[in-house]
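Here is how names work: the chains are called A, B, and so on, in the same order as the sequence lines, proteins then strands, and each is numbered from 1.
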Protein chains: 2
Amino acid sequence: MLSEQVYAQLQGAIMRGDYSPGEALKPQDLAREQGVSLAVTREALVRLVGEGLADRLPNRGFAVPLLSDHRWQEIAEARRVIEPAVLRMSIERGDVDWEARVRAAHHRLARTPAYVPEEGEHYTGAWAEAHRVFHRTLLDACGNRALLETFDRLWTASELARRWSAHRDPDRDGAEEHRRLEEAALARDADTAAAVLVQHLTLTVAALTDASGQASP
Amino acid sequence: MLSEQVYAQLQGAIMRGDYSPGEALKPQDLAREQGVSLAVTREALVRLVGEGLADRLPNRGFAVPLLSDHRWQEIAEARRVIEPAVLRMSIERGDVDWEARVRAAHHRLARTPAYVPEEGEHYTGAWAEAHRVFHRTLLDACGNRALLETFDRLWTASELARRWSAHRDPDRDGAEEHRRLEEAALARDADTAAAVLVQHLTLTVAALTDASGQASP
DNA sequence: GTAGCATCAATAATCGATTATTGCTTCGAT
DNA sequence: ATCGAAGCAATAATCGATTATTGATGCTAC
């Protein structure tokens, strides 16, 4: 399906920061660039709006969302509310296969360089993906599709907001927090794991919104 | 915008149960019925898929979702995980205006008949809406759009699943639980409110999935 | 009688063109 | 010079028609 390809391409471009926040996404231009018809780009854009990756201004077309600092903090708070609870369920229910996948995901994350000189000031695409997979894997033994879909949605919004947050903090990748998270999860220590996760989320949002922008290990 | 109207119409029809689960949603038929072009119905259907109110079968078109009993229980579990936490925040942060809106929403819910003979075996549209507004109002003082959007999404999925659940239980409308919920919320008793909410959600899913189908006050 | 292939009708996906709306620009009046 | 209204260019929204896929039907070969 053509619209699927266009959707994937656009999603990647927006998440990668190829467009600035607020920038118009003109169906005609996109159609010409990708060599497809208006209907196809239109469908992709409508889907993007549904996922929160584009805004729709009635009769004024589509645009990359403008994320306020406030919105970013709301998303972070939502994650602090939901993810620890899901993590507890996951730790409760996970089997050996899950443990193995957590180890694998953490290993990949720890060994993937977060920043490389030539890719600008942001972390690499490979690290972003490894980061997502690690957090997703931690939760996915909860076995509840509705909760995991909620996680996916919040993660996407979170990454988009983070991409454009005022204060980028290249020194912070939370490696130590990830290590403690893996450790607590595999030890089935739900209290510690939940606490570390809350701290991780709190520090991340703090590093990206505070004027001080404190670095962390 | 035309697609908006078509979307609203379709959403209503699906939630109302005008189509059976699994039934195909043919763009051509819908376009003819509503007197619009294919592009318009197509856009509405794509949006519906995004909201989980329609399934998309690649190259086989759109259809009303088939909800398994398992899926329904997952959604209910997700609500039990998320909503009590949001309710606590709402109780913590709500002001007098919120208290007034909770009272108003509960009053409307309590005074709206849940069932009328002529509207078939299901509760009325007016009651369903009053029910949604009451639960939504309880939570909305949390002030977090991301969390409220999550609630909206889960509520929609929940109502759709409930509509087609195997065991409908016309005697159960949870009036007493709603009363206790209102009482605890206004008394700012977060622990009690959260406990009542969990019980309310648990009883609802139990009444609709158990073969026994026990009625409750 | 059955298995497998070819044909066909239904419809999903896509396209190019048309209509309607918006914000900007320009022109005129005060 | 500035404010306001009319015209204009850009583009969003919509449409009708075309192409591609699918699942079903019926035919043929064994």
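Between the NZ atom of K26(A) and the P atom of dT21(C) there is a distance of 21 Å, given to the nearest Å. Rounded to an integer number of Å, the gap from CZ of R56(B) to C1' of dT21(D) is 14 Å. Rounded to an integer number of Å, the gap from CG of L25(B) to C1' of dA13(C) is 17 Å. Protein atom OH of Y7(B) is 17 Å distant from nucleotide atom P of dA13(D), rounded to whole Å. In this structure, M1(A) places its CE atom 18 Å from P of dT11(C), rounding to the nearest Å. In this structure, E43(A) atom CD and dA13(D) atom C1' are separated by 16 Å, rounded to whole Å. Atom CG in L57(B) sits roughly 16 Å away from atom C1' in dA10(C) (whole-Å rounding). Remark: C1' of dT21(D) and CG of L2(A) are 14 Å apart, rounded to the nearest angstrom.
Checking the phosphate oxygens (OP1, OP2) of dT21(C), no side-chain nitrogen or oxygen of R60(A) falls inside 4.0 Å. Between dA12(C) and R42(B), no contact under 4.0 Å exists linking OP1 or OP2 to a side-chain N or O. A close approach under 4.0 Å does not occur between any side-chain nitrogen or oxygen of N59(B) and OP1 or OP2 of dA12(C). In this model, the phosphate group of dT11(C) is not approached by any side-chain N or O of R32(B) to a distance below 4.0 Å at OP1 or OP2.
Counting non-hydrogen atoms under 4.0 angstrom, L38(A) reaches a base of the nucleic acid.
Atom CD of E74(A) sits about 4.5 Å away from atom CG of N144(B), to the nearest 0.5 Å.
Residue R71(A) qualifies as enclosed at atom CZ: its count of foreign heavy atoms under 6.0 Å is above 12. Summarising the local packing, CZ of R136(B) is surrounded by more than 12 heavy atoms from other residues, nucleotides or ligands at distances under 6.0 Å.
Not less than 6.0 angstrom separates the ring centroid of H135(A) from the ring centroid of H106(A).
The 5' end of DNA chain C is approached more closely, in terms of each residue's nearest nucleotide, by Q28(B) than by the other of V40(A) and Q28(B).
Note on ring orientation: taking the six-membered ring where Trp is involved, the planes of F151(B) and W155(B) are tilted (angle from 30° to 60°).
Comparing atom distances between the S37(B) side chain and each of dA13(D), dT11(D), dC15(D) picks out dC15(D) as nearest.
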